[in-house]
There are 2 protein chains.
Amino acid sequence: MVFKAAHKRVLDGQECDMSGWDAGNCPVRDVIDRIAGKWSTLLLEALSRRPYRFGELRRLVPDISQRMLTQTLRDLQRDGYIEREVFPTKPPSVEYRMTELGRSLFEPLSKVLRWAEENHSSVKAARAKYDEGELA
Amino acid sequence: MVFKAAHKRVLDGQECDMSGWDAGNCPVRDVIDRIAGKWSTLLLEALSRRPYRFGELRRLVPDISQRMLTQTLRDLQRDGYIEREVFPTKPPSVEYRMTELGRSLFEPLSKVLRWAEENHSSVKAARAKYDEGELA
DNA sequence: AGCGCTAGTCTCTTTTTGAGACCAACATTT
DNA sequence: AAATGTTGGTCTCAAAAAGAGACTAGCGCT
């Protein structure tokens, strides 16, 4: 919440005055906090490929609880990254698809995901080294 | 945790077999989960500019608790994104600085942060629209 | 009639986060 | 000399978030 100013100061590279602090209005945090959710990137990655139905997503990510799947999808929908469409079939089915806004976000985001994939070994090495030093 | 397979299936764009599932080894999730922490990006952004001391960071991000500041810094250090150096001054001071690995991560990451800044209004608009429909 | 499928919601338990007290050693202030 | 502040934390307890699993309703299949 109190993020805009923090970010501003960070971006300025200076300790600047903390007055004039609009605590409830920080662009970066406001957006990042949502896509940083535990399941958000995974679902965005899935939906960046093609639309999926609720049950499909659940099977695709079997370790997500229905509760969190519902909630994460709602959050992503609320922020405009995905759309929800209900088909009034016999057992009604619901399809989720990525919006243009979602795609434009996923473009830079996918680069971070790729970085993660490529540098996983370095990170694991760093962890091993750290944990080793912990024992001493 | 159970992420490698999920990601694999997602990346393949196919429902593939869920056997052969090494639940404890998913590159993307393993890395992303850490930098997706509530405070991680903020601290990385700060430290991408210059080294900071513990107290400086605390003042820079006044709404973080000392507990979470310590913990987040430790996590980032463990994954090799930042380094910690203790100076044996009278009240010992501790400096945190970004590593090369950290910088290489921050490069794509900063693009997402920039996206967030630039598209904040679209996201807010989407939220407003969603919330409006909720009332109906 | 009984079962399963659909997309959820509701409740309960466990984990994570936040708020704040406390620490020890030294420096400065009174 | 005694109180106070500064350093970078740790510890405890309360609040918030997440996970597990039961439950729903309408229809199709057997």
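Lettering of chains follows the sequences in order, A, B, ..., and the numbering in each one begins at 1.
By the side chain to side chain contact (heavy atoms under 4.5 Å, CB included) test, T89(A) pairs with F87(A), S93(A), sequence neighbours left out. Here R127(B) pairs with D30(A), D79(A) under the salt bridge (charged side-chain N to carboxylate O under 4.0 Å, His left out) rule; sequence neighbours left out. Residues satisfying the salt bridge (charged side-chain N to carboxylate O under 4.0 Å, His left out) test with E107(B), not counting sequence neighbours, are K111(B). Residues passing the side chain to side chain donor-acceptor pair (under 3.5 Å) test with R78(B), sequence neighbours excluded: D131(A). Annotation: side chain to side chain contact (heavy atoms under 4.5 Å, CB included) contacts of E83(B) (sequence neighbours excluded): R97(B), T99(B). When the side chain to side chain contact (heavy atoms under 4.5 Å, CB included) test is applied to A126(B), no partner is found at least two apart in sequence or on another chain.
Checking T70(B) against R58(B), the closest nucleotide of DNA chain D that is more toward the 5' end is the one next to R58(B). Mapping V94(B) and P92(A) onto DNA chain D by nearest heavy atom places V94(B) at the nucleotide closer to the 5' end.
We find that CD of Q77(A) is positioned 15 Å from P of dA7(C), with the value rounded to whole Å. Here the C1' atom of nucleotide dC5(C) and the CZ atom of R53(A) are 10 Å apart, to the nearest Å.
One axis for each end of the helix from dA1(C)-dT30(D) to dT30(C)-dA1(D), each built from five base pairs, and the angle between them comes to 20° at 10° resolution.
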Identify each donor-acceptor pair in which a side-chain atom of residues 64-75 of chain B lies under 3.5 Å from a protein atom, sequence neighbours left out, and give them as a table.
{"unit_1": "S65(B)", "atom_1": "OG", "unit_2": "M68(B)", "atom_2": "N", "d": "3.2"}
{"unit_1": "T70(B)", "atom_1": "OG1", "unit_2": "Q66(B)", "atom_2": "O", "d": "3.0"}
{"unit_1": "T72(B)", "atom_1": "OG1", "unit_2": "M68(B)", "atom_2": "O", "d": "2.7"}

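Within the 4.0 Å cut-off from OP1 or OP2 of dG8(C), at least one side-chain nitrogen or oxygen of R84(A) is found.
Side chains of V31(A) and N119(B) form no contact here, defined as non-hydrogen atoms less than 4.5 Å apart. R29(A) has its side chain within reach of K38(B): a pair of non-hydrogen atoms, C-beta onward, lies under 4.5 Å apart.
Listed for the R58(A) side chain is no donor-acceptor partner under 3.5 Å among the backbone atoms of R53(A).
Backbone-only engagement by Y96(B) is indicated by non-hydrogen atom pairs under 4.0 Å involving sugar-phosphate atoms exclusively.
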| query | Are W39(A) and D63(A) close enough, and set up right, to give a side-chain contact (heavy atoms from CB on, under 4.5 Å), and what steps lead you there? | reply | CA-CA 10 Å; W39(A) 306 103; D63(A) 55 331; 3.8 Å; yes
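On the nucleic acid side, DNA chain D has its first and last nucleotide under 4.0 Å of a heavy atom of chain B at dT7(D) to dT12(D), going 5' to 3'.
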| note | Given protein heavy atoms under 4.0 Å, the one-letter contact record of nucleotides 17-27 of chain C, with B base, S sugar-phosphate only and - none, is simply BBB------S-
